[in-house]
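Accompanying notes for the structure given below.
Lettering of chains follows the sequences in order, A, B, ..., and the numbering in each one begins at 1. These values consider heavy atoms only, across backbone and side chains, with no hydrogens, waters or symmetry-generated copies.
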Amino acid sequence: MRLSNYFIPTLKEDPAEAEVISHKLMIRAGMIRKLAAGIYDYLPLGLKTLKKVENIVREEMNNAGAIELLMPSVLPAELWKESKRWDFYGKELLRFNDRADREYCLGPTHEEIITDIVRKEIRSYKQLPINFYQIQTKFRDEIRPRFGVMRSREFIMKDAYSFDATDEAADKSYWAMYEAYNRIFERCGLEFRAVLADTGNIGGSFSHEFMVLAPTGEDIIMSSTDCDYAANLELAEIGVSDNEKEKERPQKDLKPINEVSTPGMKTVEEVAKFLNGSDGDLIKTLIIQTDTEPVAALVRGDAELSLTKLRKVLGAEYVELSTPDVIQEVTGGPMGFSGPVGLKKKIKVIADKSVRNIQNAITGANKADMHITGVNPGRDFEADLYADIRVARDGDPCPQSNGTLVSTRGIEVGHVFKLGTKYSEAMNATFSDIDGKEKPFIMGCYGIGIGRTVAAAIEQGNDEAGIKFPLAIAPFEVTLIPTNMKNENVKTISDDIYSALKAIGVDVLIDDRGESAGIKFKDAELTGIPIRITVGPRTLENGEVEIKTRMDNESRNVKIEEVVSEVEKLLL
RNA sequence: CGGGGUGUAGCGCAGCCUGGUAGCGCACUGGUCUGGGGGACCAGUGGUCAUCGGUUCAAAUCCGGUCACCCCGACCA
């Protein structure tokens, strides 16, 4: 490509609207422009990068046996009503009506649509397994889009859906995708990690997220120091700690319970300080609303309740913090003074396992401005269940080895789910099995955010000068810079090298603008093209040109005749 | 949806408090020089000051409504 015939509108200054580095750099490098909140134009350079990622994804999906198709992005309401997600998906689903007042939405994901295709077309177990995928624009009306294409409303996603006859076969499909994802992100040149994840409102039985490691990531990953255990913070399990192992806890000095006045003190810190205790001496009692009934969740004062873990423990669809009204009704006291002793209503009490061995704890008294000291689990109240319901922290024991958990930040670029029969049952999608019986398909779904992968690569690779793209997904492999377009020798040799590289299939951009060398260098660095060849009178005197690699910013001079073979070596 | 903020030339910003000539840097156009790190000089182009209304002799500036965008939070494949 000749830059004089191309379009890369770079910017010298950071755009005011951008906050994170990838967003700033994508705008500055002329890859994207914003059209509306969370909606972006991909300019040529951005599109080119996107296509590189898409091609890697497409190749690996095809290798893994998945079959590409394309579904519409405007979807009729009927299918969404069948799966009940028309009601459950909420405001993230952008809905509208056509001229005949029929209801539609813009597709945020396509489980319903693919299930409809499969139930109409696949009759027999003999046609299974089958895995369809597409690379397509999605729309999710995010509450708060941000960080450019990392969390946009309209975005390009690769989504795949597997259909199997048996649970074992479905597991096989799942792990095949898991492996394909590993290859995809490896080929993209990213540092990433697959971690256990929550299934969220897609539903299903288990899932992994593929996280690109970056300090600016929105997600927190807990991983073990001694084994390969890694999970999203919200559901990272906590191993049994030493003090939890002691079944025979010392029964000394159990104090009687005692009501004390704690005027106006609602937070753990305030109460602990007032009563000369530490945060860990408190048992925090949270009243949680579930699908069916309110429950009390107990965690140590220095810990944080994980709603995700609680939801799993309860087997509930939804859990959320109760409103003050419900708290008053259930506990008899106002918000901020709840405790497990003397609850007004008999409700289920779920305690974190770390609560069991707290002695002489402080809890709310279920009365305004009152707390109780000397509370002992087992003596003063009994939990219906002790379980792991708190959020893991750095240094917590690993659930699978003797290691400890450490936190890292990541950007979720892919997610694989084993769905089971959630959609096939809801939509009556069945096949005839070998025994002649109609059975629902066992499904899996697998997503990759294409644009987000590009942004994540930039978050991972950048410096003061701009982007450092991994070779595989860089918009161009090589940029060729003639430092002075008025110098005939420079021009001729540049053109020769350009033609030679093109002839062997190298994706090369020649900066044949009449700009000064400085501007060309700045743009080359900003756009992150991995290999830069500089042709200028200085090195030409010795019959040489300069080769510089963007990733390590190392440069050296090579003979003109050797440029092509040197580039070939770098591309290997 | 709650809290905060911003809208002035293509981009980044000043001017607003204290009402009276719309300004700076970059970019852009023409020219001369320069030619390995966003170069210099000369001459230019470009704005309904988001929008609607109010106050005033006079509004970018003061007041109110609306819209858009950004940040924090809750939320989130």
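The CG-P distance, from Asp523(A) to G37(B), rounds to 15 Å in whole Å. Computed from coordinates, the Tyr40(A) OH to C69(B) P distance equals 10 Å when rounded to whole Å. The separation between Arg33(A) atom CZ and C69(B) atom C1' is 16 Å, rounded to whole Å. Between Lys12(A) atom NZ and G25(B) atom P the separation is 13 Å, expressed in whole Å. Atom CD1 in Ile519(A) sits roughly 10 Å away from atom P in A40(B) (whole-Å rounding). For the pair Glu19(A) CD and C69(B) C1', the interatomic distance rounds to 13 Å; values are reported in whole Å. Atoms CD (Glu13(A)) and P (G38(B)) sit 16 Å apart, rounded to a whole Å. If you measure from atom CD of Glu218(A) to atom P of G73(B), you get 10 Å, rounded to the nearest angstrom.
For Met157(A), the CE atom sits in a packed shell: over 12 heavy atoms of surrounding residues, nucleotides or ligands are nearer than 6.0 Å.
Taking atom C1' in both C70(B) and G47(B), the straight-line distance is 23 Å, to the nearest Å. For the C1' atom pair drawn from G10(B) and C57(B), the interatomic distance equals 37 Å after rounding to whole Å. Spacing between C67(B) and C28(B) at atom C1', rounded to whole Å, works out to 30 Å. On the P atoms, G20(B) is 15 Å away from C49(B), given to the nearest whole Å. Spacing between G65(B) and U55(B) at atom C1', rounded to whole Å, works out to 15 Å. When the P atom is compared between G3(B) and C11(B), the two are found 30 Å apart, to the nearest whole Å. For the P atoms, the distance linking G54(B) with U8(B) amounts to 24 Å, nearest Å. Nucleotides G7(B) and G15(B) place their P atoms 10 Å apart, quoted to the nearest Å.
Proximity of a side-chain donor or acceptor of Tyr498(A) to a complementary backbone N or O of Met1(A) within less than 3.5 Å is detected. Distance alone, capped at 3.5 Å, is enough to place a donor-acceptor pair between the Lys309(A) side chain and the Arg390(A) backbone. The backbone N or O of Ile533(A) sits nowhere less than 3.5 Å from a side-chain atom of Glu546(A) that would complete a donor-acceptor pair.
Atom NZ of Lys158(A) is separated from atom CD of Glu68(A) by 10.5 Å, given to the nearest 0.5 angstrom.
Aromatic rings of Tyr161(A) and Phe441(A) (six-membered ring for Trp) have centroids beyond the 6.0 Å cut-off, not under it. For Phe192(A) and Phe185(A), the distance between ring centers is under 6.0 angstrom.
The nucleotide whose nearest atom lies closest to any side-chain atom of Arg28(A) is, among U34(B), C70(B), G38(B), G38(B). The side chain of Ala37(A) lies closest to C69(B) when the candidates are G37(B), A74(B), C69(B). Here the side chain of Lys522(A) is nearest to one of C13(B), G35(B), G38(B), namely G38(B). Nearest to the side chain of Thr10(A), among G38(B), G35(B), C70(B), sits G38(B). When distances are taken from the side chain of Lys548(A) to each of C71(B), G38(B), G37(B), the shortest belongs to G37(B). The listed nucleotides are G37(B), C75(B), G35(B); the one nearest the side chain of Lys486(A) is G35(B). For Phe521(A), the listed nucleotide lying nearest its side chain is G37(B); candidates were G38(B), G37(B), G35(B). Counting only heavy atoms from C-beta on, Lys91(A) has its side chain closest to C1(B) among G39(B), C1(B), C69(B).
Base engagement by Gly536(A) is indicated by at least one non-hydrogen atom pair under 4.0 Å involving a base atom. Here Glu209(A) lies out of heavy-atom contact (under 4.0 Å) with every strand. Nucleic acid contact class of Lys34(A) (heavy atoms, under 4.0 Å, all strands): sugar-phosphate only.
Checked by distance alone, Glu515(A) brings no side-chain donor or acceptor within 3.5 Å of a matching partner on the base of G38(B). Put simply, the side chain of Arg532(A) and the base of G37(B) share a donor and an acceptor less than 3.5 Å apart.
Taking the nucleotide of RNA chain B with the nearest heavy atom to each of Met485(A) and Ala16(A), the more 5' of the two is matched to Ala16(A). Projected onto RNA chain B by closest heavy-atom contact, Gly38(A) and Arg513(A) fall at different nucleotides, the more 5' of which corresponds to Arg513(A).
G7(B) is paired with C67(B) under the criterion used here, namely a Watson-Crick or G-U wobble arrangement in which both key atom distances are under 3.5 Å. The partner of C24(B) is G12(B), judged by Watson-Crick or G-U wobble contacts that both fall below 3.5 Å.
In this structure, Arg95(A) satisfies the cation-pi test against Trp86(A), with its NZ or CZ atom closer than 6.0 Å to the six-membered ring centre and inside 45 degrees of the ring normal.
Checking the phosphate oxygens (OP1, OP2) of C71(B), a side-chain nitrogen or oxygen of Arg144(A) falls inside 4.0 Å.
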